[in-house]
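Here is the structure we will look at, set down as structure tokens.
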Amino acid sequence: TKGLSTRRSFIRRMWGLAGAIASLELLWAGSGFLRAGKSMESDARKRLVTAGKVADFRPGDVFPFRNGQFYLVRYSNGGFLAVSLKCSHLGCSVIWDESKQSFNCPCHASSFDKQGMVVNPPAPRPLDVYPVVIEGGMVKVDTHQPMKRKAFDPSQITFA
């Protein structure tokens with residue numbers, strides 16, 4: 001009977017430990033809700049990526065912003081478009097190929113033109129875009145939420 005009571009006390013201790021861990025996780029999750037309101041303003045600032053001065057971007061070029069998860073396209077007419085670097089097929093990172101003037105997905109061979117439109121499937125839709133804002137000669141991209149789209153529309157381009 002001594003072995004049985006030792007097992008029971010061990011099991012009781014394990015259940016107590018599991019309960020303590022669950023309680024700590026609950027407290028941590030609950031405190032996250034309280035902290036969320038305080039960090040919303042700083043999160044909004046983090047989402048607005050300052051890409052640089054308008055003059056820093058040559059017309060006709062594509063500029064990668066890996067940390068911001070986008071490519072900034074400067075068109076020959078001076079307009080800007082921020083294209084998500086995530087493929088609309090399965091989310092792999094697309095790579096800009098200057099020689100082919102296309103975004104290519106290394107995972108499943110999808111490719112997209114400079115506007116993010118599908119050139120070669122299996123991608124089901126164009127690359128997502130982010131809003132571009134130009135303030136005081138600075139190009140800024142709002143990376144909060146990518147805009148899903150079915151087609152390219154000239155209104156998606158932002159002019160300085």
Side-chain angles (χ1 to χ4, degrees), residues 21-160:
I21 290 171
S23 297
L24 287 172
E25 287 178 347
L26 187 61
L27 283 172
W28 179 255
S31 69
F33 285 110
L34 298 174
R35 289 188 312 254
K38 294 177 184 175
S39 65
M40 284 177 79
E41 186 176 315
S42 65
D43 285 348
R45 275 187 248 124
K46 287 179 195 173
R47 294 187 307 236
L48 196 60
V49 176
T50 301
K53 296 177 184 175
V54 171
D56 293 343
F57 302 101
R58 287 188 318 263
D61 283 350
V62 175
F63 305 87
F65 287 84
R66 293 274 173 207
N67 290 341
Q69 302 286 307
F70 65 91
Y71 285 96
L72 187 63
V73 179
R74 177 90 193 258
Y75 293 101
S76 55
N77 65 4
F80 289 93
L81 182 68
V83 180
S84 174
L85 62 74
K86 291 184 180 181
C87 179
S88 57
H89 179 227
L90 293 176
C92 299
S93 293
V94 296
I95 300 165
W96 173 249
D97 184 337
E98 185 68 33
S99 64
K100 294 180 182 176
Q101 291 286 295
S102 66
F103 296 100
N104 301 313
C105 180
C107 298
H108 299 101
S110 289
S111 63
F112 306 85
D113 66 13
K114 210 170 194 176
Q115 297 169 334
M117 300 304 298
V118 177
V119 174
N120 187 44
R125 58 183 178 76
L127 295 172
D128 297 339
V129 293
Y130 295 101
V132 176
V133 178
I134 299 177
E135 294 176 342
M138 298 297 286
V139 180
K140 299 177 182 182
V141 179
D142 183 355
T143 60
H144 171 60
Q145 189 169 359
M147 296 184 302
K148 296 182 183 337
R149 58 196 180 133
K150 293 183 181 191
F152 172 74
D153 185 317
S155 68
Q156 295 165 352
I157 296 178
T158 302
F159 291 93

Straight-line distance of [X] [atom1] to [Y] [atom2], nearest 0.5 Å:
X	Y	atom1	atom2	value
L90	C105	CG	SG	7.5 Å
L72	D61	CG	CG	10.5 Å
D97	F103	CG	CZ	10.5 Å
Q69	L85	CD	CG	5.0 Å
F70	D142	CZ	CG	10.5 Å
D113	N120	CG	CG	12.0 Å

Exercise. Once you find the SG atom in C107 and the one in C92, is the distance between them below 2.5 Å?
Worked result: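 Cysteines C107 and C92 qualify as a disulfide pair, their SG atoms being under 2.5 Å apart.
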For the residue pair [X] and [Y], what are the closest heavy atoms and their distance?
X	Y	answer
A160	V54	CB-CG1, 4.0 Å
Y130	T143	CD2-CA, 3.6 Å
R66	S93	NH1-CB, 4.1 Å
A123	S88	CB-OG, 3.6 Å
P122	S110	CD-OG, 3.1 Å
F65	A51	CZ-CB, 3.6 Å

Can a donor-acceptor pair be found, under 3.5 Å and without considering hydrogens, that links the side chain of [X] to the backbone of [Y]?
X	Y	value
D153	Q156	no
T50	K140	no
S84	D128	no
S111	S102	no
N104	A109	no
R74	F80	no
R125	H89	no

Exercise. Do T158 and V133 pass the side chain to side chain contact (heavy atoms under 4.5 Å, CB included) test, and can you show the C-alpha distance, the side-chain angles, and the key distance before you say yes or no?
Worked result: CA-CA 7 Å; T158 302; V133 178; over 6 Å; no
Exercise. C87 and H108: side chain to side chain contact (heavy atoms under 4.5 Å, CB included), yes or no, with the steps?
Worked result: CA-CA 10 Å; C87 179; H108 299 101; over 6 Å; no
Problem set entry | side-chain contact (heavy atoms from CB on, under 4.5 Å) involving K114 - partner list, sequence neighbours excluded |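 K114 satisfies side-chain contact (heavy atoms from CB on, under 4.5 Å) with V62, V73, Y75, W96, Q101 only.
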Exercise. Who passes side-chain contact (heavy atoms from CB on, under 4.5 Å) against P64, sequence neighbours left out?
Worked result: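 P64: side-chain contact (heavy atoms from CB on, under 4.5 Å) contacts with Y71.
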Exercise. Is the shortest side-chain N to carboxylate O distance from D56 to K53 below 4.0 Å?
Worked result: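 Salt bridge between D56 and K53, a charged N being under 4.0 Å from a carboxylate O: no.
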Exercise. Is there a side chain to side chain contact (heavy atoms under 4.5 Å, CB included) between V129 and L81 once you walk through the steps?
Worked result: CA-CA 7 Å; V129 293; L81 182 68; 3.8 Å; yes
Exercise. Q145: what forms a side-chain hydrogen bond (donor to acceptor under 3.5 Å, both in side chains) with it, not counting sequence neighbours?
Worked result: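 In terms of side-chain hydrogen bond (donor to acceptor under 3.5 Å, both in side chains), with neighbours along the sequence ignored, Q145 is linked to no residue.
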For this session: Go through V139 and F63 one step at a time and tell me if the side chain to side chain contact (heavy atoms under 4.5 Å, CB included) criterion holds.
Result: CA-CA 12 Å; V139 180; F63 305 87; over 6 Å; no
